[in-house]
Structures are given as C-alpha cells and as structure tokens.
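What follows is a set of notes on a single structure, which appears directly below.
What you see is a predicted model, and the numbers here were worked out from it, not measured in a lab. In the text below, chain A, chain B and the rest are named by the order of the sequence lines, each starting its count at 1.
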Amino acid sequence: GNSVTQMEGPVTLSEEAFLTINCTYTATGYPSLFWYVQYPGEGLQLLLKATKADDKGSNKGFEATYRKETTSFHLEKGSVQVSDSAVYFCALTTPWAGNNRKLIWGLGTSLAVNP
Amino acid sequence: GAVVSQHPSWVICKSGTSVKIECRSLDFQATTMFWYRQFPKQSLMLMATSNEGSKATYEQGVEKDKFLINHASLTLSTLTVTSAHPEDSSFYICSAREEVYDEQFFGPGTRLTVL
C-alpha cells in the first residue's frame, strides 16, 4: 500500500543552520507529494507541493524535489529562523483515486530553532 | 488561501455525553471534507471522508456509530462523538478540499477532553 516514512525528531538547530528533513514514500504510479507545517497553536498549512517527477516545490525559503528514482521528497532550507520552529509533515496523495483520494501522512518531525 | 473554521476550539464534557464539532469552509464550497484525529506528538489519523449529500466513508477501525458524520451542505460538516469516554479525548481536525486548486485546507482543530 501507499505509505510515507519521515525522519524522526525532534530536530534542534541554531538559527541560520541548514535544515534537511528526510521523507521517502511507497506508492504505485505517480503520487503527488506535499509538505505541511503546523506552527504551535495553529492549524496545518500547506508549505509546498510537487505533482510530478523532478518538480521542485518551494515556499518561504523551503525547497523539496520530487525524486522518482529514490522515491524521496526531502525538505531543505538553507538558513532556518526561530520562526520556523514547528512540526513538519510529509504526505502524499494518489490523484487517480478520484474524489476519494486522501492524504497519506508521515509521522511528523518537530523542529526547534534556537536563537 | 481558503479558510476553514472549526467550532468549538476546545470542549470539556462528562463521560457518557455527546459532543458535536462543526467544520465550515468559509469562502469556498467543499464537496469533500475529511475528519482526522491527532494524538500528542503523533501524526494525523484519518477517521473518515465526508461527502456532501451522501454517507461518510469511514476508515478501518473507526466506529461509525460512535463518530457520526453529517455533511449537510457544501460548507458544513459535523462530527458528533456519541457517548464519549475518556479514551475519546484527543485533538480533532477537519479539512475541506477546494476543487479548483485540488488542495485541502485545514481547520485549527478542536481539543476534546472527556472527564
């Protein structure tokens, strides 16, 4: 079946450090891939997405590239800020499932950025 | 982006009572809404897919008679936890699919505590 494996946290970094959160997936065909972020006390927000192989999603300095050959969608940011402290979720969906398609979630990675 | 609201944001109830949680898409219509449960420091667990005008589709292991879902209009879905028990205490999150951009927007969540 479809699944998402995400690196375990928590991840603690100093401000301006480089961030990588690994995400790999198992799916038949070509799923769409997403990163969601949950800031403390807030709802989930879509951070970025990619819908086909070699696509790069980017937003707020974060990037992730859809790698079909390694079935990965690692999240990266060159210089993190304290305001990036949040929980990050990798997810996939299967577009061919029509209106019943649903998001398959990773377990989430908590990031804490210290000043 | 599109906005999804949930009400109430938190609720405390006695064991054996029923609690209703509302999920509204405020500036778009949503044929499909989703209900999730999130345990502390864990990922989201999809409970059910709610389709306007038809019965909800429940995930395996979710009791449909305990978690009643009603999607009566294109902007409102409700989740009723019937005969709540302490083990039902959790964070419940809804999302609504925006059809034009095929993106899910999430509500801020409802914290349920059953005493």
Has H7(B) got more than 12 heavy atoms of other residues, nucleotides or ligands less than 6.0 Å from its NE2? no
With only heavy atoms counted, which part of F34(A) is less than 4.5 Å from chain B, the side chain, the backbone, both or neither? neither
Q6(B), part contacting chain A, at a heavy-atom distance under 4.5 Å: neither
Is it the backbone or the side chain of I93(B) that comes under 4.5 Å from a heavy atom of chain A, or both, or neither? side chain
Are Y88(A) and F62(A) close enough that their ring centres sit under 6.0 Å apart? yes
Indicate the ring-plane relationship of F106(B) and W105(A), choosing parallel, tilted or perpendicular according to the 30° and 60° boundaries. perpendicular
So does K68(A) have more than 12 non-hydrogen atoms from other groups sitting under 6.0 Å from NZ? yes
Looking only at non-hydrogen atoms, find the nearest pair between H71(B) and T31(B) and report the distance. CE1-O, 3.3 Å
With a 4.5 angstrom heavy-atom cut-off, is it the side chain or the backbone of I104(A) that approaches chain B, or both, or neither? neither
Heavy-atom proximity to chain B below 4.5 Å, by part of Q38(A): side chain
